[in-house]
Chemist: 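Dropping the structure in here first, questions after.
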Amino acid sequence: MSQAQRWGEVDDYVAERLIGRDADLDAALAGSAEAGLPPIAVSAPQGKLLQLLARGIGARRILEVGTLGGYSTIWLARALPDGGRMVTLELADQHARVARANLKRAGVGDRVEVRVGPALDTMAALVEEKAEANAEPFDLVFIDADKENIPAYFDLAVKLSRPGALIITDNVVRDGAVADAAAVDPRVLGVRAFHEMLASRPDVEATTIQTVGSKGYDGFNLAVVNG
Ligand code: SAH
Ligand code: DHB
Ligand code: MG
């Protein structure tokens, strides 16, 4: 058995025991595949991790950058208490349409707003709304869009967050390439610049955790905005 197969089997083992099947999450993945979206949503154990973290900090306002078909969105939205709200940002109109259908089917369409456009623009608009309309800051941000812009998304995420907020960033290890000083892939350069930026910022405290599983070898960064 290859290592990757074993990682997948452990994800299945964990999912069978600790997660179980959920018709709406299954339908979100099936609907995404049917519409031709790439199979790059978080895994079920990762989705549940996001949900547990959101629940653990009592998140009432969640921001996601990179919706795809809304699979991670459903996991996170289900952690919201009554009256909680989520905003998720997506570049591709087609992805947003698939996501809205998946979110509605899962019963979270009312508490999630899908905004379409380049996330640099939609996040800048959210920063303006926060300043002008005194909109509430976010308690949790999940960054999972294009990797080149991770440093910029993180900077905007801090501006949109309350002190103590948790910012989670996906795909920051990339098969270990993050530690390759000779990297030229712009996505790897993005996650490397992200770590340099974190190292130089006194306003956040962060760590990166490597992960293996059905999505291969990658990792999450977890950062808390200092008070
Ligand atoms: N969070 C999702 C997966 C997101 S995949 C899940 O786990 O279920 C990354 C998504 O980011 C894709 O849908 C892609 O279209 C979107 N994306 C890429 N570049 C973007 C940009 N500049 N602004 C907003 N979204 C972008
Ligand atoms: C890709 C994007 C992701 O967010 C992910 O988790 C895995 C792969 C990609 O663009 O290939
Ligand atoms: Mg990802």
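Whatever order the structure lists them in is the order used to number ligands and atoms, beginning at 1. Scope of the values below: all heavy atoms of this structure, side chains included, with no hydrogens, waters or symmetry mates.
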Chemist: If we only count N/O pairs under 3.5 Å, is R174 in contact with ligand 2?
Modeler: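 Between R174 and ligand 2 (N or O atoms, distance only) the closest approach is not under 3.5 Å.
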
Chemist: Under 3.5 Å between some N or O of ligand 1 and some N or O of G70?
Modeler: no

Chemist: When you look for heavy atoms under 4.0 Å from ligand 2, do you find them on the side chain of I40, its backbone, both, or neither?
Modeler: both

Chemist: Would you tell me whether E64 and S72 have side-chain atoms, one donor and one acceptor, within less than 3.5 Å of each other?
Modeler: yes

Chemist: Within the stated cut-off of 2.8 Å, is an N/O/S atom of S72 closer than that to the Mg ion (ligand 3)?
Modeler: no

Chemist: Do N226 and D203 meet the criterion of a side-chain donor-acceptor pair at a distance under 3.5 Å?
Modeler: no

Chemist: Number the atoms of ligand 1 from 1 as they appear, then name those within less than 4.0 Å of a heavy atom of T67, with their elements.
Modeler: 2 (C)

Chemist: Find all atoms of ligand 1 within a distance of less than 4.0 Å from any non-hydrogen atom belonging to H95, and give their numbers and elements.
Modeler: 12 (C), 13 (O), 15 (O)

Chemist: By number and element, which atoms of ligand 1 are closer than 4.0 Å to a non-hydrogen atom of G117?
Modeler: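 Near G117, meaning under 4.0 Å from one of its heavy atoms, ligand 1 has 23 (N), 24 (C).
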
Chemist: Taking both backbone and side-chain atoms of S72, is any N or O found less than 3.5 Å from an N or O belonging to ligand 1?
Modeler: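 By distance alone, the answer is yes.
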
Chemist: Could you tell me whether any N, O or S atom belonging to D144 is less than 2.8 Å from the Mg ion (ligand 3)?
Modeler: yes

Chemist: Please state which part of D146 comes within less than 4.0 Å of ligand 2, counting heavy atoms only: side chain, backbone, both or neither.
Modeler: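 Answer for D146: neither.
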
Chemist: Is there any N or O on K147 that sits under 3.5 Å from an N or O of ligand 2?
Modeler: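 Yes.
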
Chemist: Test of understanding: given a 4.0 Å heavy-atom threshold, classify the contact between Y153 and ligand 1 as side chain, backbone, both, or neither.
Modeler: side chain

Chemist: Who passes ring pair (Phe, Tyr, Trp, His ring centres under 6.0 Å) against F154, sequence neighbours left out?
Modeler: F194

Chemist: Check ligand 1 against A41 and write out every atom of the ligand that is under 4.0 Å from a heavy-atom position of the residue.
Modeler: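 Contacts of ligand 1 toward A41, numbered from 1: 6 (C), 7 (O), 8 (O).
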
Chemist: Atom 3 (C) of ligand 1: which of L89, D144, N102 has the nearest heavy atom?
Modeler: D144

Chemist: Answer with side chain, backbone, both or neither: which part of T73 has a heavy atom less than 4.0 angstrom from an atom of ligand 1?
Modeler: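 Looking at T73 and ligand 1, no heavy atom falls under 4.0 Å.
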
